[in-house]
Each structure stands twice: as structure tokens, then as C-alpha cells.
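In what follows, a structure is listed as C-alpha cells, so that the remarks can point back to it.
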Amino acid sequence: MTSRRQLLVGAGGVVVAGLGTRAWQQGLLGGDNPALHAWDEWASQRQQGALKLVGAAVLASSPHNTQPWAFAVGRFGVDIFEVPGRSLGAMDPFGRERLAGLGGAIHNMALASTALGRAARVRLLPDAQNPAHVARLILGPDNSGPPPHPLLPFIARRHTHRGVWRGGPVADAKLAAVQSFPSFPGIKLVLFGANTPMGRRFAALTDDATVAITSDAAMMADSHRWFRHSHSDAERLMDGLTLATSGVSPWLAAAGAMLPPQSAADEGKYWLASTRDAHLPTASVFGLILTPQPHDRRSALLVGSAWQRIHLNTTAAGLVAQPLNQLPEMIDREAQLRAAPRFARAAEALLGDTVWRPSFAFRLGVADAPAGPALRRPVSAVLGPPARMAWEVKQWKEAGGAY
């Protein structure tokens, strides 16, 4: 007869096997993952010409990793297009965050152009008849550009860290490095210590906004749509968030992999707990990117470019970063519902300013280990038809037929 000990050992084996299966399904046991190859493609420098620009663009930060972009590549540059279907719905009703993601991609491309040795010129919103055509990056002839930018290696090292950090102050020199970049027109950056009066007010507001979001069924449903619960979904879709990049420890991630997929309501509970127990109390610095018109398309693109540069500078300085956009998200949600602007008024009180309005919020700090890479679609998955021949001919004529 089978002893009780043998039964328990057998049951334990089943549990371990089940844990291993779910952990594999969540991509927590390593192995090759095609949804991460885009990071290696850029780091290896195998891409050539204008495709190198797109290779950098697909590694940009985007809200909930929605990757709302498509590209058309020509000899003289790249057209960048918004994909409205890659949206967050009620979480981003006016597309402000989606445009910020596109702004990040544009900034990465501008930096990457320095690796080609060709001068680059960016035109935002170049086609009034096509609002989805958000930018055109025009390349000059060979050997016309500046030397490679020092931030190029950090394009593939920049990852969002959603876990527990050390807390405590950050050296002034590192904060100065984070803020060291040319100003963007109509954009202002504000940094403040987490333990300052302004930092504590911001944390309370962010907590309040998180409660409001997680109590809103429509917002949570639209957020939950971008969570990839299985390894097969992650490999197939190559976008969205996963348990492996949620910020929990590997042990907790493995334990969570044993459980059935979360519901939108469960995700909300976890998000609120993480905000209260990890994101707010272990941050060193909070930051806001401000603009007078957060819903103006050009302004939203510039906000995203500023965030990408801040995050790259943060990575180069040995720090970590994470967006904390609950406050501007609730400002937009109240505007969509035509509800009393409680969060907009709270933001005005926080800043003491009715002109400059928050378009992007984040935290900075120090962590014991870097964050891992998020899922990314490869260059081949985001390319559209070639750039229009009329543009190619026009560029050739402007260059005097020289290239």
C-alpha cells in the first residue's frame, strides 16, 4: 500500500510540475523568446541604413507597451505613423499617452541617425491632410551628420523598473545628468524629492488617482486588455505587459504563475497594492513633464520625446525610472465623462499654477538590480508601404541630384 509520505511526496511533485508549467507559460524560466529579439538586434548593430532608425524606434517607451507605431522607409528617411487601434481606451481617451509613445520613438530615431553619419531633420505633423502621419525624419547625404551620440548604447538598456527600490536621496550630480538635454519648446520638467512636502502631496494624489482608476470598470477593462497571461500570447502578440516585467521578485512571479490568469478586478487590486507598498514609498524623486496644452498633438509628441530622453539619461546615470501617470489619466477621464474636474484642480493646487499642466508623471531612484526587457515587435512587423515616391524625387531634387 502507498504510504501517506509517498502520497504527499507525489502531490508535491504534481505541485512543482504545475508550477513549472505555469512558470514556463509566463516566460519565467528563460530560454529563447522571439518577442525579445528586437533588443538584441539593436545592441548587435546588425541593422543598416534607415532600418537602423526603426530598430531604435521600436525600443522606445510606450503606454502599457502598446507600441502604437508604423513606419515607411525610403532612401532619404522614414515616415512615422500613429496606429489609433493600439489604444488604451478609457485609460487614454484623447490619445495623449499614445502620442507620447510616438514622441519617444521619434526621439530614439533622431539619436540613432547619428550612428549613420548622416544629418537628420525631423518634421512633426508634416501632412495636414493625414493627422496619423505624426513625423517625417529626413536624412542628409553621407558624412553630413554629427558623431555618434553617447546615449546610443543605452537605447537597448533602458527598461521600466516596476519593482521595489532602495529609496533615499539621489546625488545632485546624477539629478543634473538626468536633466541635461536641450529644452523642448513648450515643455517644462519639474523634479522634487519624494520626502519633500510637494513629494508627499504628489504621492497622496497618485494614490487617490489609483483608487479612482481601479474603481472604474471601463478603465480597468481597457488596461487589462494589454496584459499577456501566457507565454504563447506574449510570443504571438509581442506587446503589452507580463508577469515577468510587473516588478515582483522572481520567487513571487513563479508563485503567481501557478495561479489562474488574473481578472481586471484582481489586476486593479494588485496595482493599487504595488502603488502603495512599492512605487510610492521606495521612490527617491518624483517628476512631472508639463505643457500648457496636454491634448495638443505636437505638445503630446514633444512630451513623449522629453520622457524618452529623461529615461535614457536616467539609465546612463545608473538610476531607474517608472511612469506614474495615474494623475493625468484621471484628469483626462474626468474630462471625457464631463465630471467635476477634481483631479485637474488638485494638480493646479499642487503646482500653484493654472498655465502649466501635467502631461506625464514618473518616479526616479536606485534599485539593487536592473529591470528586464519588455516584449517588442520586430522591425519587420511595423513596416508599412515604402515612403511616397514623390517625396523621394523632391528630396533628390533639393539635393541637386547629389545622392
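Remember, predicted model here, so these are calculated numbers, not experimental data.
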message: Checking D239 against W226 for the side chain to side chain contact (heavy atoms under 4.5 Å, CB included) test, could you report, in this order, the C-alpha distance in whole Å, the side-chain angles of both residues, the deciding distance, and whether it holds?
response: CA-CA 8 Å; D239 58 16; W226 290 95; 3.4 Å; yes
task: Mind listing the closest non-hydrogen atom pair of H161 and Q322 along with its distance?
output: O-CB, 3.4 Å
- request: For residues L288 and L351, determine if any side-chain heavy atom of one lies less than 4.5 Å from a side-chain heavy atom of the other.
  value: yes
field: Test side chain to side chain donor-acceptor pair (under 3.5 Å) applied to K174 - qualifying residues, sequence neighbours left out
entry: none
- prompt: Donor-acceptor pair, R158 side chain versus L59 backbone, under 3.5 Å?
  reply: yes
field: Expected output: side-chain S44 to main-chain D40 donor-acceptor under 3.5 Å
entry: yes
query: Would you call M91 and H64 a side-chain contact if the rule is heavy atoms closer than 4.5 Å?
result: yes
- line: All heavy atoms of T114 vs all of P147, minimum pair found to be CB-O, 3.5 Å
- prompt: Which heavy-atom pair separates A361 from N325 by the least distance, and what is that distance?
  reply: N-OD1, 2.8 Å
Heavy-atom pair with the smallest gap, counting every atom of A56 and N108: O-ND2, 2.9 Å
message: Could you work out, with ring pair (Phe, Tyr, Trp, His ring centres under 6.0 Å) as the rule, every residue matching W39, not counting sequence neighbours?
response: H159
Cut-off 3.5 Å, no hydrogens considered: what does the side-chain donor-acceptor table look like for residues 179-202, sequence neighbours left out?
from, atom 1, to, atom 2, distance (Å)
Q179, NE2, L175, O, 3.2
T196, OG1, G193, O, 2.7
T196, OG1, G199, N, 3.1
R200, NH1, N195, O, 2.3

- prompt: What distance do Q47 atom CD and L116 atom CG have between them, rounded to the nearest 0.5 Å?
  reply: 10.5 Å
query: Quick one: side-chain contact (heavy atoms from CB on, under 4.5 Å) partners of T210, sequence neighbours excluded?
result: T206, T214, W271, L272, T275, Q326
task: Only pairs at least two apart or in different chains count here, so list each salt bridge (charged side-chain N to carboxylate O under 4.0 Å, His left out) that has a residue in residues 355-378.
output: R166-D368
message: Has T314 got a side-chain atom pairing as donor or acceptor with V178's backbone, closer than 3.5 angstrom?
response: no
field: Cation-pi geometry met for R157 and F154 (6.0 Å, 45°)
entry: yes
message: Tell me the closest heavy-atom pair linking P63 and L88, and the distance in Å.
response: CB-CD1, 3.6 Å
- prompt: Any side-chain heavy atom of H107 sitting closer than 4.5 Å to one from V122?
  reply: no
query: Between D233 and R228, does at least one N-O distance fall below 4.0 Å, as a salt bridge requires?
result: no
- prompt: Excluding sequence neighbours, so at least two apart, what forms side-chain contact (heavy atoms from CB on, under 4.5 Å) with A346?
  reply: L205
- request: Side-chain contact test, heavy atoms from C-beta onward, threshold under 4.5 Å: evaluate it for R225 versus S87 and give yes or no.
  value: yes
query: With sequence neighbours left out, which residue pairs that include part of residues 326-349 fulfil the salt bridge (charged side-chain N to carboxylate O under 4.0 Å, His left out) condition?
result: R96-D332, D208-R342, D216-R333
field: For P281, all residues meeting side-chain contact (heavy atoms from CB on, under 4.5 Å), sequence neighbours excluded
entry: none
- request: Check the pair L125 / H133 against side chain to side chain contact (heavy atoms under 4.5 Å, CB included), numbers first and verdict last.
  value: CA-CA 6 Å; L125 306 173; H133 187 182; over 6 Å; no
field: Test log, rule side chain to side chain contact (heavy atoms under 4.5 Å, CB included), inputs M330 and I213
entry: CA-CA 7 Å; M330 276 309 302; I213 292 172; 3.6 Å; yes
query: Side chains of S113 and L139: does their closest heavy-atom pair fall under 4.5 Å?
result: yes
query: Any side-chain heavy atom of V73 within less than 4.5 Å of one from L53?
result: no
query: Going by heavy atoms in the side chains, are M109 and F71 under 4.5 Å from each other?
result: yes
Separation between CZ of F94 and NE2 of H295, rounded to the nearest 0.5 Å: 5.5 Å
query: What pairs meet the ring-ring contact (aromatic ring centres under 6.0 Å, His included) rule with one or both residues in residues 360-381, with sequence neighbours excluded?
result: W307-F360, W307-F362
Qualifying salt bridge (charged side-chain N to carboxylate O under 4.0 Å, His left out) pairs, either residue in residues 295-307, two or more places apart: E82-R297
message: Checking P68 now: which residues fulfil side-chain contact (heavy atoms from CB on, under 4.5 Å) with it, not counting sequence neighbours?
response: S62, T66, R86, R98, L102
message: Determine whether a donor-acceptor pair (N or O, by modelled atom type, separation under 3.5 Å) exists between the side chain of N65 and the backbone of L375.
response: yes
task: Hey, could you give me the OG1/CG distance between T242 and L237, rounded to the nearest 0.5 Å?
output: 12.0 Å
field: Approximate separation, where rounding is to 0.5 Å, of R162 CZ and L324 CG
entry: 10.5 Å
query: To the nearest 0.5 Å, how far apart are CD1 in I289 and OG in S305?
result: 10.0 Å
- prompt: For residues H224 and E267, is any side-chain donor paired with an opposing acceptor at under 3.5 Å?
  reply: yes
- request: Please assess D92 against D222 for the test side chain to side chain contact (heavy atoms under 4.5 Å, CB included), listing each intermediate value before the final yes or no.
  value: CA-CA 9 Å; D92 184 30; D222 287 333; over 6 Å; no
OG1 on T315 to CG on L151, rounded to 0.5 Å: 9.0 Å
query: Does the side chain of E97 come within less than 4.5 Å of P323's, by heavy atoms?
result: no
Exercise: identify the closest heavy-atom pair between V366 and S284: N-OG, 4.4 Å
message: Using the ring pair (Phe, Tyr, Trp, His ring centres under 6.0 Å) criterion, which residues pair with H37? Sequence neighbours excluded.
response: none
